[in-house]
Amino acid sequence: MTAHITLSPRGDPLRRPFLTIIAGPTAVGKTGLAISLAERCGGEIISADSMQVYRYLDIGTAKPTPEEQRRVPHHLIDVVDPDGEFNAAMFVNRVDTIIQALYQERKRIFVVGGTGLYLDALTGGLLRAPGADGELRDRYREETTRYGKGYLYERLKRVDPAAARVIHPNDRIRTIRALEVMEQTGQSIIEIREAHRFEDHAYDYIKIGLTVDRDALYERINTRVDRMVADGLVAEGRRVLERGYDEENLPLRAMTYRHLVSHIRGNLTHDDMVRLIKRDTRHYARRQLTWFRRDGDIKWFAPGDENMISRSVESRVPER
RNA sequence: GGGUCGGUAGCUCAGUCGGUAGAGCACGGGACUGAAAAUCCCGGUGUCGGCAGUUCGAUUCUGCCCUGACCCA
């Protein structure tokens, strides 16, 4: 549970950016903590949240408010339209640029978010494999409709048996990705993964995890969803649809917006929408905890432990 | 006071012509490397309301009691 510090050949800490990372399940209070910590030291915040990158999806993604964003500069919020492309690789590319800039300015850097893959990709690097190939994926989709559901997986078994052993037949997304990598490189994504294991460290960091017991967390989630609704979640959903975005766009198929859209279209009562958003958010929080639990680098705290957290962070920040 | 129908998993219920039980939802655990708020996998012991009786054996039949809904007085 120590900050990851790389030593130079002479034994001195290498001069490179230091990140204070704040992770944890949704609704646990990461945003508030980060703003408070960053405000104290004039730092800036980088969001590691796969949904807050989308414009117009504000209430439903629990973005920091404009007022909060005025108190502390935020990065990687509102960077693409809801029909735009965004993924872990784009996150890493953009975040590296931002970190370099903040490092030059000697600003303290806080990375805050609940998207585990993005955080691991940031601290450990992404696989050295080719990116998503739109044409290839279109072809796979077409072949699936033509030859049936099991076709792609059968093909994976033939082309990359190692991957087929690890990937479940129903997991279409991973099946496609594995085929895509094999087709473009002739290498199994499993082999590439085994060789990599998020060990491509470019930064020093301390990882703070925020959590509370399950009942309290669910209480927070329920309360927050009620507040989103009171703050105009449905109106926000209507505005997004009026702009011409719909279920075709990935973020509108996620957790909250999926049920919001269904309700606006008249397929779901208001009560059912609220119920399902709460349920899916609880499930999401559970998946997040599953992801973070196995990360031995995380130092866990309760949301109220701000002073302890602050001290813990201060003890790790390198001199500059 | 009398009658009818209920009381089975956290919830809604199914079921056992007597051999101690199962669905949906909820919930829990896990996987995860360019779609990650996505995608996927696994998980059902619960005094079958209580007590007693009949029986080799009762959640299932009988009696009484508790309890809920409704109907009649």
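Naming convention: chains lettered A, B, ... in sequence-line order (proteins, then strands); numbering from 1 in each chain.
At a threshold of 4.5 Å between non-hydrogen side-chain atoms, the residues His74(A) and Ile35(A) count as touching. Side-chain contact between Glu142(A) and Arg137(A) is absent, with no heavy-atom pair separated by less than 4.5 Å. Residues Thr175(A) and His168(A) are not in side-chain contact: their nearest non-hydrogen atoms beyond the backbone lie 4.5 Å or more apart. A 4.5 Å side-chain heavy-atom check between Ser262(A) and Met273(A) finds every atom pair outside the cut-off. In this structure, Phe18(A) and Ile206(A) have side chains that are in contact, with non-hydrogen atoms separated by less than 4.5 Å. You'll find the side chain of Phe301(A) reaches within 4.5 Å of the side chain of Ser312(A), heavy atoms only. With contacts defined as side-chain heavy-atom distances shorter than 4.5 Å, the pair Thr123(A)/Tyr203(A) does not qualify.
Comparing G28(B) with G10(B), their C1' atoms are spaced 12 Å from each other, to the whole Å. Nucleotides C17(B) and C27(B) have their C1' atoms positioned 36 Å apart, rounded to a whole Å. Nucleotides G24(B) and U20(B), compared at atom C1', are 23 Å apart to the nearest Å. Straight-line distance between the C1' atoms of U60(B) and G53(B): roughly 15 Å, to the nearest whole Å. Comparing C71(B) with C61(B), their C1' atoms are spaced 27 Å from each other, to the whole Å. On the C1' atoms, U16(B) is 10 Å away from C48(B), given to the nearest whole Å. Distance check on atom C1': G22(B) versus G44(B) gives 9 Å, rounded to whole Å. A58(B) and G18(B) have their P atoms separated by 14 Å, with the value rounded to a whole Å.
Mapping Tyr257(A) and Glu199(A) onto RNA chain B via the closest heavy atom, the residue that lands nearer the 5' end is Glu199(A). Heavy-atom nearest nucleotides on RNA chain B were determined for Tyr284(A) and for Met90(A), and the one closer to the 5' end corresponds to Met90(A).
Distance OH (Tyr118(A)) to P (C32(B)): 18 Å, rounded to an integer number of Å. In this entry the distance linking CZ of Arg177(A) with P of A36(B) reads 12 Å, nearest Å. With rounding to whole Å, Asp295(A) atom CG is found 12 Å from A31(B) atom P. Atom pair Trp291(A):CH2 and A38(B):P shows a separation of 13 Å (rounding to whole Å applied). For the pair Phe292(A) CZ and A31(B) C1', the computed distance is 15 Å after rounding to whole Å. Per the geometry, CZ belonging to Arg253(A) stands 13 Å off P belonging to A35(B), to the nearest Å. To the nearest angstrom, C1' of G34(B) lies 17 Å from CE of Met182(A).
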Side chain to side chain donor-acceptor pair (under 3.5 Å), that's the test. Do Thr26(A) and Arg224(A) meet it? Break it down for me. CA-CA 10 Å; Thr26(A) 187; Arg224(A) 189 170 79 178; 2.6 Å; yes
Between Arg282(A) and Asn222(A), does a side-chain contact (heavy atoms from CB on, under 4.5 Å) hold up when you go through it step by step? CA-CA 9 Å; Arg282(A) 290 193 295 268; Asn222(A) 292 340; 3.3 Å; yes
Does the pair Arg108(A) and Thr20(A) meet the rule for a side chain to side chain donor-acceptor pair (under 3.5 Å), with working shown? CA-CA 8 Å; Arg108(A) 289 274 297 277; Thr20(A) 299; 4.6 Å; no
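RNA chain B forms stems at B:1-7 with B:66-72, B:10-13 with B:22-25, B:27-31 with B:39-43, B:49-53 with B:61-65, each a run of 3 or more consecutive Watson-Crick or G-U wobble pairs whose two key distances fall under 3.5 Å.
Each of A38(B), A35(B), C32(B) was ranked by its minimum atom distance to the side chain of Arg287(A); first place goes to A38(B).
Grouped by direct or indirect side-chain proximity (heavy atoms under 4.5 Å, Ile/Leu/Val/Met/Phe/Trp/Tyr only), Leu136(A) sits with Tyr140(A), Tyr147(A), Tyr151(A), Leu152(A), Tyr153(A), Leu156(A), Ile167(A), Ile176(A), Leu179(A). Cluster partners of Met182(A), using a side-chain heavy-atom cutoff of under 4.5 Å among ILVMFWY residues and allowing indirect links, are Val159(A). Side-chain contacts under 4.5 Å among hydrophobic residues (ILVMFWY), followed directly or transitively, place Met255(A) together with Tyr284(A).
Thr256(A) comes within 4.0 angstrom of a base, heavy atoms only. When heavy atoms are screened at a 4.0 angstrom cut-off, Ala254(A) is found touching the sugar-phosphate backbone but no base atom. Residue contacts for Phe91(A): at a heavy-atom cut-off of 4.0 Å it reaches no nucleic acid atom on any strand shown. Using a 4.0 Å heavy-atom cutoff across all strands shown, Phe86(A) reaches sugar-phosphate atoms only and no base atom. When heavy atoms are screened at a 4.0 angstrom cut-off, Thr26(A) is found touching no nucleic acid atom at all.
In this structure, Lys149(A) does not pair ionically with Glu154(A), as no charged nitrogen and carboxylate oxygen lie closer than 4.0 Å.
RNA chain B lies under 4.0 Å from at least one heavy atom of each of the following residues of residues 144-171 of chain A: His168(A), Asn170(A), Asp171(A). Remark: Arg193(A), His196(A), Arg197(A), Phe198(A) in residues 190-198 of chain A come within less than 4.0 Å of RNA chain B through at least one heavy atom. Proximity of residues 239-251 of chain A to RNA chain B (heavy atom under 4.0 angstrom from any strand atom) is restricted to Leu250(A). If you check residues 119-143 of chain A against RNA chain B, the residues with a heavy atom closer than 4.0 Å are Gly125(A), Leu126(A), Leu127(A), Ala129(A), Gly131(A), Ala132(A), Arg137(A), listed by number.
Evaluation of the salt bridge (charged side-chain N to carboxylate O under 4.0 Å, His left out) rule for Arg293(A) yields no partner, not counting sequence neighbours. Not a single ring pair (Phe, Tyr, Trp, His ring centres under 6.0 Å) links His75(A) to another residue, sequence neighbours left out.
The number of heavy atoms from other shown groups lying within 6.0 Å of CD (Glu194(A)) is above 12.
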Determine all donor-acceptor pairs shorter than 3.5 Å in which one atom belongs to a side chain in residues 52-59 of chain A; sequence neighbours excluded.
{"from": "Gln52(A)", "atom 1": "OE1", "to": "Ser47(A)", "atom 2": "OG", "distance (Å)": "3.4"}
{"from": "Gln52(A)", "atom 1": "NE2", "to": "Thr61(A)", "atom 2": "O", "distance (Å)": "3.0"}
{"from": "Gln52(A)", "atom 1": "NE2", "to": "Ala62(A)", "atom 2": "O", "distance (Å)": "3.2"}
{"from": "Arg55(A)", "atom 1": "NE", "to": "Asp78(A)", "atom 2": "O", "distance (Å)": "3.4"}
{"from": "Arg55(A)", "atom 1": "NH1", "to": "Asp81(A)", "atom 2": "OD1", "distance (Å)": "2.7"}
{"from": "Arg55(A)", "atom 1": "NH2", "to": "Val79(A)", "atom 2": "O", "distance (Å)": "3.1"}
{"from": "Asp58(A)", "atom 1": "OD1", "to": "Lys63(A)", "atom 2": "NZ", "distance (Å)": "2.8"}

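In this pair, Phe86(A) and Tyr118(A) present their aromatic rings tilted. The plane angle is within the 30 to 60° band. Between His201(A) and Tyr205(A), the ring planes are tilted. Angles from 30° to 60° get that label.
Residue Arg172(A) places no side-chain N or O under 4.0 Å from the OP1 or OP2 atom of A38(B).
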Could you write nucleotides 24-29 of chain B as a row of B, S and -, 5' to 3', where a protein heavy atom under 4.0 Å of any base atom gives B, of only sugar-phosphate atoms gives S, and otherwise -? -SSSBB
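In terms of heavy atoms, Lys207(A) sits closest to Asp120(A) at NZ-OD1, 3.9 Å.
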